[in-house]
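Inspection log for the structure reproduced underneath, given as structure tokens.
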Amino acid sequence: MKQLQTWGRTWGPLLGIALIAIALLVVAPAVLSPFRLNNLGKYVCWAIAGVGIGLAWGRGGMLVMGQGVFFGLGGYAMAMHLKLEAAMATGGPDAVPDFMVLYGDGTMPGWWEPFRSGAFTLTAIVVLPALVATVLGWAIFKRRVRGAYFAILTQALAVAFATLLVATIKQTGGFNGLNQFTQFFGYNLYDPANKRMIYSIAATVLVVCLVVVWQLYRSRFGELLVATRDAEERVRFLGHDPANIKLVAFVLAAVMASIGGALFAPITGIISPSDVDATASIFLIAGVALGGRALLLGPALGALAVGFGRTALSESFPDQWTYFLGLLFIVVILFFPAGLGSVGSQVRSRLRALPSPPRRTRTTPAAPADELEVVR
Amino acid sequence: MDAFTTPLLAGTATGALLLIAALGLALTFGQMGVINMAHGEFLMAGAYTTYLTQQVVTDTDLSILLALPVAFLVAGSLGLLLEVAIIQWMYRRPLDTLLVTVGVSLLLQQLAKDLFGAQGDPVHTPGWLDGNVDVLGYHWPYRQMFTIVLAVAALAALGALLKYTSYGRRIRATVQNRDLAETMGVSTRTVDRVTFFVGSGLAGIGGVAVSLISGTNPNLGTTYIISAFLVVVAGGLGQLKGTVIAAFTVGVVTAYFTDWFSSSMAQVLTFALVVVFLQLRPQGLFTVRTRGLA
Amino acid sequence: MLELRDVTAGYGRTRVLEGVSLHVPEGGAVAVMGHNGAGKTTLLRVAVGLLPVMRGQVLLDGEDVTRLRPNKRVARGLGYVPQGQLSFPHMTTLENLQLVSTQLSAIDGVLDTFPALRDLLGRRAGLLSGGQRQQLAIARTLLTNPRMLILDEPTEGIQPNVVAEIEGVIAALTARGDLSVLLVEQHVGFALRSTDAYYVLESGRVTSSGAGGPGALDAVRTAMAV
Amino acid sequence: GDEGASSTSCVDSSGDTIKLGFLNSTSGAMAISEQTVRDSLSLAAEQINASGGILGKKIEPVVEDGASDPAVFAEKIEKLLTGDCVAAVFGGWTSASRKAMLPVVEADHGLLFYPVQYEGLEASKNIYYTGATTNQQIIPAMDFLKSKGVKTLFLAGSDYVFPRTANKIIKQYAAELGIKIVGEEYVPLDDDDWTTQVAKIVAAKPDFVFNTINGSSNVGFIKAYYEQGLTAKTTPIISVSIAEEEAPAMGKDVTGQYAAWNYFESVESPTNDAFIKAFQDKYGKDRPTSDPMEAAYTSLYLYKNLVEKADSFDVDKINAAADGVSFDAPEGTVTIDGENHHIAKTALIGQINADNQFDVVWSSEKPIEPDPFLKGYAWWDPSAK
Amino acid sequence: MNDDYLEVRGVCVDFDGFRAIDDVDLTLLQGRLHFLIGPNGAGKTTLVDAVTGLVPASGLIRYRNQDLLRTKPHRIVRSGIGRTFQTATVFEGLSVLQNLDIAGGIHRRAWRMGLARRGTPSYVEEALETIGLTDLRERPAGVLAHGQKQWLEIGMLLVQDARVMLLDEPVAGMSAEEREQTGDLLRRIGSERTIVVIEHDMEFVRSYADVVTVMHAGKVLAEGTVAEIQADPRVQEVYLGRTAEEADHA
Ligand SMILES: Nc1ncnc2c1ncn2[C@@H]1O[C@H](COP(=O)(O)OP(=O)(O)OP(=O)(O)O)[C@@H](O)[C@H]1O
Ligand SMILES: Nc1ncnc2c1ncn2[C@@H]1O[C@H](COP(=O)(O)OP(=O)(O)OP(=O)(O)O)[C@@H](O)[C@H]1O
Ligand SMILES: NC(N)=O
Ligand SMILES: [Mg+2]
Ligand SMILES: [Mg+2]
């Protein structure tokens with residue numbers, strides 16, 4: 001019995017990941033229409049970013065409210081390449097994207113140039129967010145900015161990033177964003193078979209990300225990350241610099257968000273500031289909170305659910321759906337602070353604790369003391 | 001000369017507006033630790049209150065003055081409702097309040113849209129605010145001066161409340177250690193409610209000032225919320241002094257940036273500046289230190 | 001004065017107290033002793049109202065206060081010094097005291113009891129040393145003018161001569177006859193000297209109780225050695 | 001995209017109803033504007049159904065919320081075209097939303113009717129543009145300014161595609177007309193604070209201000225303008241996005257200012273009277289009508305006429321029949337240009353009166369043929385700096 | 001004398017003009033139980049803070065030829081100096097076992113951090129045994145009682161294999177028997193370590209101290225054996241008080 005439990009604890013999550021893999025890679029393509037599959041692909045992109053948020057927020061205690069920035073870095077990097085591919089397909093190797101002619105003077109900024117190369121673009125999608133997150137994270141964590149400060153700071157970054165995109169219309173397409181792609185690394189983007197391929201890539205990436213965090217969570221690093229979340233300063237007295245530990249999680253989360261964004265562009269055919277701004281970032285967070293931030297599969301499933309919920313609610317109640325969405329936020333966070341993924345265990349513990357349920361919801365441990373605490 | 005005075009004076013007015021919005025947050029966020037993303041919608045409620053007051057009392061000279069206390073009550077009551085219905089269950093997980101209140105903010109925006117329509121409603125500037133005075137080349141509108149006066153008055157009132165009444169100590173005690181405060185005879189429930197009422201009420205006052213700039217519309221709150229939070233953070237949690245300095249600095253600096261570059265770039269640069277600033281003073285302008293690892 | 005009737009309480013699913021009954025008579029002083037984790041603090045939290053009971057009753061002056069919030073119990077004369085040198089860290093020593101009472105004479109009174117605090121009035125409590133904070137905690141509670149004083153390891157981390165001081169204060173207060181005391185202490189000698197009845201708590205149950213006084217020393221030691 | 005080659009339409013026109021998609025933002029920042037478009041689309045559908053439908057089939061609207069997010073527009077239009085198999089989609093407002101829908105509607109070989117004035121430089125076989133292109137609104141507005149003897153002009157706009165492109169055209173045309181541009185300022189969409197920019201206008205003392213601001217930001221602009229002592233008398237403004245919907249929110253501060261459109265509620269014609277009456281009967285006496293609403297209303301009737309001329313719901317047949325299809329719209333008779341899918345429209349300049357209605361003060365003699373790429377304007381050089 | 005000793009020379013700590021540590025000299029030798037006593041607010045905790053890099057200090061603090069004042073806290077720990085806190089601080093979200101296990105982290109190579117723990121390392125098992133929390137190993141540390149947390153902290157130091165242990169009131173709040181157990185434990189592990197204990201319980205000090213340093217108002221007031229200290233009138237005046245002779249906490 002005990003052995004079975006241990007076995008379950010180790011391999012149960014892998015089984016869950018396998019189920020998700022089957023559902024996404026085998027079942028979904030078989031039963032969904034091309035349009036619905038493409039929609040699912042979009043949610044999968046959010047889920048990839050969500051897995052990273054689960055790592056940074058759920059395990060690391062860093063409420064990353066600006067993941068849109070990294071989602072956008074990847075999304076725009078990919079979109080720039082696709083835009084150039086589209087231009088080059090019709091206008092030759094020196095062609096520039098159409099919008100630069102429309103709103104600008106028809107010249108392309110130099111930093112667009114390398115994105116003509118697919119290899120460079122793929123590298124940039126990983127390296128760019130990693131670099132930005134390292135520099136940013138280094139500065140933030142070394143100065144011990146955390147808790148609500150960190151959350152609001154990252155949110156402000158998302159706002160600044162989106163505003164910057166809007167303000168640089170001639171270089172980034174501004175409010176319109178980048179769209180009207182035609183091909184994806186040589187494949188016609190409007191061919192249903194190719195669309196299915198891109199979907200499969202996204203689903204596979206999600207599964208890989210889940211396996212990566214599964215290993216991380218069971219590793220000693222995962223335990224140390226939780227320790228850092230619970231008592232950051234205390235970790236110093238185990239001989240670790242908490243800034244480094246947080247940095248690793250933050251950078252990983254950034255890279256995942258970036259990859260999610262990079263796949264989002266070809267799947268939806270567009271990336272624009274409204275996909276990366278503060279509101280978009282909050283929706284990323286919402287999925288994670290809904291599914292259960294500290295759980296392994298919670299963030300991914302939550303992100304998929306929120307994506308699906310947005311579509312389904314807005315299709316069924318196009319005029320009232322924001323009410324439902326608002327209520328969803330409230331109900332989930334209020335009643336299931338550990339996410340819907342934990343409803344089962346929560347109900348069980350409630351039942352066992354009868355007859356006198358606690359007067360206030362105290363099912364989660366008290367917030368880490370330093371969320372608002374001000375330390376020297 | 002006006003290249004210097006215009007951003008200074010206009011920025012001060014913007015700063016005043018930020019200050020009113022941030023003062024409420026300084027209470028609910030700075031003192032109580034609740035990250036209320038619906039605070040912007042309380043601002044919006046204040047703006048709609050002004051509109052409605054003008055519908056009832058058609059003498060605009062009077063109605064604005066009347067709108068101030070009414071907006072305070074309306075927004076305050078909304079805040080109280082929020083506290084009683086939701087926030088009171090969440091004091092032990094401050095970061096989660098952020099997400100819950102995002103939901104509330106969505107609800108309130110949709111509600112405003114359904115009640116008042118998607119279009120904005122007009123708010124008329126009273127006669128005594130009509131006009132401007134020429135200050136070194138800048139036609140400084142009376143309305144901007146009024147905003148500054150309003151902010152200073154709100155600040156003074158709040159400052160006095162915190163400093164000269166036992167309420168200030170109670171609120172701080174409650175946020176620092178709920179259980180302990182309770183066992184020191186502080187009714188933390190009352191403190192929570194009063195704080196939310198006052199903090200949200202301030203947003204209502206801010207809403208009156210905002211309505212004079214842009215009338216009403218259901219998305220009005222979203223414009224101010226993030227800047228207001230940034231001001232509180234840059235000012236240092238729980239520090240009115242810091243909030244004041246941060247609000248006016250952000251207002252004036254943004255105005256200069258706008259003048260030199262553009263509005264969009266000014267927003268980007270101001271955000272960037274706050275980020276850099278937090279590098280230098282990670283816990284805001286005024287830091288409160290304690291010992292140990294807490 | 002204070003009575004716990006058959007109280008069961010705990011955290012989440014885990015029960016920490018199992019059917020504990022205890023009585024502090026009017027003007028009486030009762031000590032609770034027990035090992036680490038026995039449930040002493042839990043017992044006091046139930047008495048004060050910081051932890052809801054799962055079963056049982058808490059009575060104050062013969063009245064059921066089981067559902068009353070802590071601050072209401074404080075208003076009825078309950079004073080509580082929690083374990084762990086707790087204070088409001090961002091408030092100064094003086095503000096910590098003023099939270100309870102702004103009467104100068106009253107504050108002056110408790111400062112006479114803990115003169116070391118006089119020099120620290122302007123310092124933020126979070127910067128005080130552990131012992132200084134504990135002195136502040138006791139002083140603050142005394143300001144609430146309790147008729148029933150509940151102390152959780154009040155001498156923990158306090159220098160010896162101040163421990164003696166605190167012992168003296170408690171003795172003086174109980175001698176007044178209008179103050180009841182419920183004391184959790186690890187220093188058995190001190191505990192028994194200061195009280196007239198004791199309870200020993202073991203794994204959430206009362207395993208032994210009796211009259212206090214130095215004579216009970218051996219009985220308690222035996223009870224605790226189990 | 002490769003037109004029509006791969007996709008076969010799933011539109012089912014065999015029953016006695018035909019599905020049409022209404023895709024507007026009813027949440028988010030653009031809801032302010034787009035809700036009105038939705039309202040007039042619903043009205044038109046109701047009227048058409050009451051009078052027998054299209055080719056005898058009742059319209060069955062499938063409504064979706066674009067949520068002010070271009071990516072959502074892209075998703076929803078695909079859903080409407082491939083999931084609901086609507087015969088055509090009506091909606092979109094921002095150019096961002098249109099640009100996002102364009103590749104989808106082309107790939108799915110569907111139809112989109114876009115009802116808002118925009119920056120031009122676009123023509124898709126799968127889109128019908130029932131709002132003005134630049135030579136039907138902006139260029140006439142410039143002509144009007146020239147006729148008023150304007151020498152100096154200040155440009156104020158929202159920081160996004162339409163104003164940027166519009167101003168690029170304005171600047172080139174101004175050079176042609178000999179009008180000097182004395183300033184150019186942008187503020188992000190939905191930003192209310194125009195104080196600093198207005199101070200620059202005060203300092204620049206232009207003869208006129210050309211306003212390409214979109215949405216609620218106009219309120220902040222007009223209020224700041226008035227506050228700093230600028231009025232229609234001292235420094236008039238000509239706007240291309242302030243209509244009857246927006247004007248009341250600005251009250252007296254906007255009185256006397258000008259706007260360029262192709263329709264005003266004040267247009268005097270029996271068709272318009274009928275339109276206004278029907279609209280207000282349905283939505284209330286206090287609801288004004290405006291250009292985008294009228295263009296949306298018109299778009300549905302144009303679609304009806306297109307289908308009935310083609311005698312089919314098939315996109316290719318409709319496109320083949322498009323040239324010359326017209327409708328006696330509230331703004332006057334409009335006619336489709338089969339080449340670029342825009343419509344000929346009469347340009348109007350109105351002056352806002354104390355009731356926040358627009359008095360027509362200038363009008364093009366006849367409907368102006370659409371020229372989205374400004375091919376007929378020699379001064380236009382798209383790649384100029 | 002080997003180089004395994006901690007040297008404190010002329011150390012001062014200032015807080016906005018208030019001098020909490022004033023020119024303190026100390027030499028802490030290996031193999032002896034060193035006690036640090038003194039009135040509340042004397043500066044004992046602050047001194048430990050200074051040694052472990054938690055507060056900035058001036059002067060010289062040296063361990064194995066390393067200048068600790070110029071070393072970051074986590075590097076100080078890595079050089080073998082561990083501490084506990086007056087208010088026990090453990091990782092509340094982790095189990096007792098995990099708390100102990102991650103304490104051993106500094107002895108592992110960085111890349112091994114990515115691997116999962118397999119079973120319970122023997123030194124963690126030993127530490128569990130030593131601190132008597134074997135039965136509670138799977139409990140989240142957050143639910144431990146006050147004293148249990150203090151034991152867990154000591155256990156973490158054991159796993160860290162700290163050469164210098166600075167214990168801030170480790171037995172406060174423990175019952176007499178528990179103190180005895182803890183004292184014996186300290187004596188056992190102290191033979192090859194440098195251990196400094198801050199404590200107010202004079203009986204405990206009497207039973208276990210090899211050397212006692214008394215601090216007062218930021219300065220070292222006296223140093224010597226327990227007997228010498230108890231006889232010192234200055235110590236009696238500021239610290240022990242009139243109950244000096246009968247300081248018989250149970
Ligand atoms: N918040 C909590 N959640 C869950 N369990 C708890 C909580 N607080 C205490 N416990 C558990 O309850 C038991 C009793 O704890 P309590 O603090 O009452 O002990 P105590 O007798 O006061 O010990 P000490 O002498 O160390 O202060 C302990 O086993 C502890 O692990
Ligand atoms: N950050 C700080 N700012 C100001 N004063 C401080 C700070 N830290 C400590 N102090 C003061 O320094 C003095 C020494 O404190 P410390 O905690 O070292 O005392 P201690 O000897 O450990 O006392 P105890 O036995 O009560 O724990 C105290 O008076 C305390 O108030
Ligand atoms: N097309 C517009 N007005 O965005
Ligand atoms: Mg206890
Ligand atoms: Mg100390």
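Since the structure is predicted, the reported quantities are computational estimates derived from the model, not experimental observations. Every heavy atom of this structure was used, including side-chain atoms; hydrogens, water molecules and symmetry mates were not. A, B, ... follow the sequence lines: proteins, then strands. Residue 1 opens every chain.
Residue D:Thr26 touches chain A through its side chain alone, counting heavy-atom pairs closer than 4.5 Å. Proximity to chain D is absent for every atom of A:Phe317, based on heavy atoms less than 4.5 angstrom apart. With a threshold of 4.5 angstrom between heavy atoms, D:Ala31 does not approach chain A through any atom at all. With a 4.5 angstrom heavy-atom cutoff, D:Arg38 touches chain A only via side-chain atoms. Contact of D:Leu121 with chain A is made through backbone and side chain together, with heavy-atom distances under 4.5 Å.
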All N/O donor-acceptor pairs, side-chain side in residues 81-91 of chain D, below 3.5 Å, sequence neighbours left out:
from	atom 1	to	atom 2	distance (Å)
D:Thr82	OG1	D:Glu78	O	2.7
D:Asp84	OD2	D:Lys79	NZ	2.7

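The distance from the OH atom of D:Tyr160 to the CD1 atom of A:Ile169 is 9.5 Å, given to the nearest 0.5 Å. For the atom pair A:Asn179 CG and D:Arg98 CZ, the distance stands at 10.0 Å (nearest 0.5 Å). Remark: D:Asp159 CG to A:Phe175 CZ distance equals 11.0 Å, nearest 0.5 Å. For the atom pair CZ (A:Phe99) and OG1 (D:Thr165), the distance works out to 11.5 Å, reported to the nearest 0.5 Å.
Contacts between residues 303-316 of chain A and chain D, defined by a heavy-atom separation under 4.5 Å, are made by A:Thr311, A:Ser314, A:Glu315. Of all residues spanning residues 74-94 of chain A, none has a heavy atom less than 4.5 Å away from chain D's heavy atoms. The stretch residues 269-276 of chain A places A:Ile270, A:Ser272, A:Ser274, A:Asp275 near chain D, each with some heavy atom under 4.5 Å from a heavy atom of that chain.
Of all the heavy atoms in A:Lys42 and D:Ala71, the pair that sits closest is NZ-O, 4.1 Å. Taking each heavy atom of A:Thr322 and D:Ser27 in turn, the nearest pair found is CG2-CB, 4.0 Å. Across D:Lys168 and A:Val101, no two heavy atoms sit closer than the pair NZ-O, 3.3 Å.
Put simply, of D:Asp69, D:Asn167, D:Thr94, D:Val72, the one with the most heavy-atom pairs under 4.5 Å next to chain A is D:Asp69. Chosen from D:Pro382, D:Ser97, D:Ser95, D:Ser68, the residue pairing most often with chain A at heavy-atom distances under 4.5 Å is D:Ser95. Contact tally against chain A (heavy-atom pairs below 4.5 Å) for D:Glu122, D:Glu119, D:Arg164, D:Lys99: the top residue is D:Lys99.
Residue-environment remark: CZ (A:Arg36) exceeds the threshold of 12 foreign heavy atoms within 6.0 Å.
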